[in-house]
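Just below is one structure, and these are the notes that go with it.
Counting convention: from 1, in listed order, for ligands and their atoms alike.
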Amino acid sequence: MTDGPSYGFDTLQIHAGARPDPATGARQTPIYQTTAYVFRDAEHAAALFNLQEVGYIYSRLTNPTVAVLQERVATLEGGVGAVCCSSGHAAQIMALFPLMSPGKNVVVSTRLYGGTVTQFSQTIKKFGWSATFVDFDDSAAVKAAINDDTRAVFCESIANPGGYITDLDAISTISDAAGIPLIVDNTSATPYLCRPIEHGATLVVHSLTKYMTGNGTVTGGCVVDSGKFDWSASDKFPALSQPEPAYHGLKFHETFGPLAFTFNSIAIGLRDLGMTLNPQAAHYTLMGIETLSLRMDRHVQNAVKIAGWLETHPAVETVTYAGLESSPYHDRVARICPKGAGGLFTIALKGGYESCIKFVESLEIFSHVANLGDTRSLVIHSASTTHRQLTEAQQVAAGAAPNVVRISIGIEDAKDLIADLDQALTKANA
Ligand SMILES: *Cc1c(COP(=O)(O)O)cnc(C)c1O
């Protein structure tokens, strides 16, 4: 396919980045299951190692199947380049790595995927980095949290466990004024529902594990570069603006312009951190992305129907879904994620902890698992699983109170899902 900026999302999700295999004409992108690539000659090898020529050396850095996926996700997000990696959590480290150094901090939203809260509040300390957690609805607090050592601002578009949408325009206005890149985790929305770069994001990170692959077969991640940030405007980002000793003093921003972050992430990040996505996983994700818009439309339709039904159910205390008119975040849907508020939300049961246990154990179509964004409908009772080590006060603060169940609505028949929820709620209340 030739580059056509006018192609629509449904066309790009199938074709972007792919072309018939030059060696065989294979129509589908082959799985290049190879570790290394033969150099034409010693001069070719030298040019590749000096980053003077783009090509394939070794699959820790680049692989043709993974490259198609990188171009596809970058195109769907409206970015200039992307780097895939082994998981969503790897993507978060890969996004921060070129920006941070010991003593530097990242200002992050309090509304984040539970695993990300742990990664940011505990694990990154071992690199000498720190995270400052702030309520991203409080613009003054976000602004106040940014100091001379801040190197990034981080939030989710539609925040896991659902029901909350970040005002990306308001946050990017603050990060722009401070000269700091904004990183948006777009996992729960996908580029079909939300395009963070259009709202001022510098980098977009994904867990490809969820809706992008879509059927619970792969662990993968991706960092998309908007190409819009001026890494040389201050002395805050020396990894991108200053000479790199491992490449004979090459300056990434000067040499690669808008692709500086992407090239740095491959040449330094994947080279030395080694969080590489394997070509088989890239293949499954490419298959998934071909139907992304169709699936997301159905996830949203089902979620709207089911959240609306649950809201009127006598056993249910609250439903937090931004797609409901009752949600305080409903106003942000049209501006931030115009095609819908996603397929993820939480419910609180009047019956409390025991009632939730009975509920998740009684479901027949829904599975009780630590995953989301699958074609199949999934639930998790966080208080007895992912958040069980926390005190009750911490559980409440994390949106995982003892009576809360997170629901990831699949693409099955809505009437069957409603019938399943209904019978399980009846048993939970008995
Ligand atoms: C699952 C998830 C992650 C982590 O992704 P993994 O692929 O499990 O490492 C990060 N952010 C969000 C919003 C997620 O849902």
Side-chain angles (χ1 to χ4, degrees), residues 66 69 73 77 82-97 106 108-124 131 133 136 152 154-166 168 183-194 196 201 203-224 273-278 280-282 284-285 288-289 292 296 299 303 320 322 336-337 341-346 369-374 378-380 382 385-387 398-400 406-410:
V66 176
L69 177 60
V73 180
E77 285 287 1
V83 181
C84 285
C85 38
S86 52
S87 69
H89 270 188
Q92 292 171 185
I93 296 299
M94 288 281 292
L96 290 173
F97 184 66
V106 52
V108 308
S109 172
T110 47
R111 298 178 183 87
L112 294 176
Y113 173 69
T116 306
V117 173
T118 310
Q119 188 187 50
F120 286 174
S121 62
Q122 309 295 330
T123 304
I124 64 169
F133 287 82
F136 270 39
F154 185 103
C155 62
E156 295 176 10
S157 48
I158 297 176
N160 188 326
Y164 176 80
I165 295 172
T166 306
L168 299 178
I183 306 173
V184 177
D185 181 342
N186 202 30
T187 299
S188 304
T190 81
Y192 181 65
L193 299 182
C194 175
L203 303 173
V204 178
V205 295
H206 274 283
S207 168
L208 300 173
T209 314
K210 314 291 170 53
Y211 293 103
M212 294 290 265
T213 305
N215 41 31
T217 50
V218 155
T219 321
C222 190
V223 185
V224 181
L273 301 177
M275 301 165 161
T276 306
L277 187 72
N278 69 80
Q280 187 86 36
Y284 287 124
T285 303
I289 290 178
L292 180 63
M296 293 314 291
H299 282 294
T320 58
I336 307 286
C337 44
L344 199 60
F345 57 82
T346 64
V369 298
N371 193 18
L372 60 97
D374 195 317
L378 311 172
V379 292
I380 190 159
S382 305
T385 55
T386 51
H387 291 61
R406 183 185 75 192
I407 303 187
S408 174
I409 296 292

| task | Ignoring hydrogens and angles, tell me if any N or O in the side chain of Gln119 forms a donor-acceptor pair with the backbone of His89 under 3.5 Å. | result | yes
| field | 4.5 Å side-chain heavy-atom contact, Pro196 and Glu77 | value | yes
| task | Check ligand 1 against Ser207 and write out every atom of the ligand that is under 4.0 Å from a heavy-atom position of the residue. | result | 1 (C), 2 (C), 3 (C), 5 (O), 6 (P), 7 (O)
| request: Show which atoms of ligand 1 fall inside a sub-4.0 Å distance from at least one heavy-atom site of Gln92. | output: 10 (C), 11 (N)
| query | Going by the atom numbers of ligand 1, which of them fall below 4.0 Å from some non-hydrogen atom of Glu156? | reply | 13 (C)
| Where Thr166 and Cys155 come nearest, the two heavy atoms and their spacing | CG2-SG, 3.9 Å
| query | Of the choices Asp185, Leu372, Asn160, which has the non-hydrogen atom that lies closest to atom 12 (C) of ligand 1? | reply | Asp185
| said: For the 3.5 Å polar cut-off, considering only N or O atoms, please tell me whether His89 and ligand 1 meet it. | reply: yes
| So, for His299 and Tyr192, is the gap between ring centers shorter than 6.0 Å? | no
| field | Within-4.5 Å side-chain heavy-atom neighbours: Leu344 and Tyr211 | value | yes
| said: I need the minimum non-hydrogen distance between Cys84 and Leu208, along with the two atoms involved. | reply: SG-CD1, 4.2 Å
| Protein contact of atom 15 (O) of ligand 1 - nearest heavy atom, named by residue and atom, plus distance | Lys210 NZ, 2.7 Å
| Atoms in ligand 1 flagged as close to Gly88, the criterion being non-hydrogen separation under 4.0 Å | 5 (O), 6 (P), 7 (O), 9 (O)
